[in-house]
Amino acid sequence: MEKPSIPKGTRDFGPAAMGKRQFIFNTIRSVYQKYGFQPLETPTMENLSVLTGKYGDEGDQLLFKILNSGDYLKDVDSAKLEARNSKAITSSISEKGLRYDLTVPFARYVVMNRGEITFPFKRYQIQPVWRADRPQKGRYREFYQCDADVVGTTSLLCEAEIVMMIREVMKGLGVTDFTIKINHRGVLKGIADTIEATGKETALYVAIDKLDKIGKEGVSKELSEAGFAPDKIELLFNILNTTGSNEEKRLALTALFKSESGQKGLSDLKTVFDLLEASGSNQSNLEFDISLARGLSYYTGCIFEVKVNNVAIGSVSGGGRYDNLTASFGDKENLSGVGISFGVDRLYDVLEELQLFPKEIQRSSKVLICFLDTESMRYGLKVLAALRAAGIASELYPDESKLKKQLDYANKKMISFTIVIGEEERKEGKLMLKNMDAGTQEKVSLEEIIKTLST
RNA sequence: GUGGAUGUAGUUCAGUUGGUUAGAAUGCUAGAUUGUGAUUCUGGAGGUCGCGGGUUCGAGCCCCGUCAUUCACCCCA
């Protein structure tokens, strides 16, 4: 027998891990619902025609494809098959793939159901996605995303609410030291226009996005290799060196940018900041980061990224506004959308590292009923029913074993109370309640136990 | 897709310039304790040293290949 294993980059989640994961899911879900988002689920697999071409060439390579059922080689062009040309025959042997993110399936859903949807449509979606890249720290082939998006409005209130939701989620998780980075694709375009990088925007954005990672020297090296002149690179760093408050940076760039898209980006950001102020929210944890670019090619307006400070892991959340998404599904009236996505798996690693998981979530039953003889077990069944009727998570040890073993079981399951039932207790009509954390015990009535454990 | 590191008990790891029967801690299990756990004491089970080949009188250790894990790059949650 071969040793069993699971595919690279996938994980099992045992009871301890699930308690922690559900804490994260519940926190995010309740914030989303509080802001008026409604749940949506889409299929694990999509038709490849939906997925391909939405994530760029790199993204297409990272799609997991599903082999057609049945005699999948029957209709394949034999010349291509003979030539071992995998790419050329992919379309004939596979027509479905696993979803790569939640935004594209959402856009697909909106286009398919737009007759029935009331706009602006606010939906949240918590489901796993799959990417076929090589796993590393904080990076998996199967992982969960928690998305919230609004489509059908260009109002910048959505952007402001995204900032507020991020703050609430982080607060609910107990994370205090974090930074919400915000930028705008228009600002990036403004930089590109200012240093006359027309046609080389992508190389520029990719390079400056790495600023905090590889530093000024790394970025200028990369840019000169991409054909940027030294004086342009110098000009770029003059812009990126803009310091001060969000407002100061915005004013400095407003004076500098000549292009329309640059000014549009700055005025959008001003509106978002104003809306936050008007909501009674300040700009704490919010940083206008001129060098923030983000990879996904479909963002067109504001872009977000959330970093937990002093933890060596990539961003735990990201998002932005996209204007052209439904257009790629042949939608004539192009809908604008804006959204945010939290990476549960990374949040998990962060909370683990900072030891922020509440202790209670790891508990299962609140009380374990132990018994010493057959008759006491039957007596315990009534106690068990009464406890459950009172809404107290409880269980009865199923086997007739030594008390030692039963208590050991309670310890391992981190059950904080046990009830011991023997001949004495049956006669007296009282139960021995034992606090497993303190090590104390006393004989009390069932009513008193229910009262104690209900709090 | 590119490059580096690591594979020894369920887990975390020792293992000398290559030398006889591969160890520890922890966990598991049974007992000391027939009504009291997380402390203590005693016993027990548990290993194809990732896999395949090579060098050697002799390989856990050296060499080659392979697979797996992991870190970094590209890209990304």
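Reminder, nothing fancy here: chain letters follow the sequence lines and each chain counts from 1. Remember, predicted model here, so these are calculated numbers, not experimental data.
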- Item | Atom pair distance, as rounded to whole Å: CD in E425(A) and C1' in rU36(B) | 11 Å

- Message: Can you confirm if the NZ or CZ of K171(A) lies within 45° of the ring axis of F178(A) and under 6.0 Å from the centre of its six-membered ring?
- Response: no

- Task: Tell me whether the OP1 or OP2 atom of rC74(B) has a side-chain N or O from K210(A) closer than 4.0 Å.
- Result: yes

- Message: Among E425(A), E423(A), E424(A), exactly one meets salt bridge (Lys or Arg N to Asp or Glu O under 4.0 Å) together with K427(A). Which residue is that?
- Response: E423(A)

- Verify the contact: side-chain N or O of Q136(A) to OP1 or OP2 of rU70(B), cut-off strictly under 4.0 Å; return yes or no. no

- Message: Looking at Y100(A), I'd like to know if the NZ or CZ of K54(A) sits under 6.0 Å from its six-membered ring centre while staying within 45 degrees of the ring's axis.
- Response: no

- Task: With sequence neighbours left out, write down each residue that passes salt bridge (charged side-chain N to carboxylate O under 4.0 Å, His left out) with D133(A), or none if nothing qualifies.
- Result: R139(A)

- Pick the nucleotide of RNA chain B nearest each of Q145(A) and G9(A); which residue has the one closer to the 5' end? G9(A)

- What is the distance from NZ of K430(A) to P of rG35(B), rounded to the nearest Å? 22 Å

- Message: As a quick check of understanding, evaluate salt bridge (charged side-chain N to carboxylate O under 4.0 Å, His left out) for R11(A) and D345(A), giving each step before the final call.
- Response: CA-CA 11 Å; R11(A) 295 145 304 154; D345(A) 305 271; 2.6 Å; yes

- Which string of ( ) [ ] | and . matches RNA chain B, if you list each base 5' to 3' and count Watson-Crick or G-U pairs only when both distances are under 3.5 Å? (((((((..((((.....[...)))).(((((.......))))).....(((((..]....))))))))))))....

What does the list of N/O pairs under 3.5 Å between the protein and nucleotides 27-30 of chain B look like, with a distance for each?
from: rC28(B); atom 1: OP1; to: K412(A); atom 2: NZ; distance (Å): 3.0

- Query: Is any side-chain N or O of K8(A) closer than 4.0 Å to OP1 or OP2 of rU69(B)?
  - Reply: yes

- Query: Over how many whole Å does the gap from R134(A) atom CZ to rG3(B) atom C1' extend?
  - Reply: 9 Å

- Item | D373(A)/R426(A) ion pair, N-O < 4.0 Å | yes

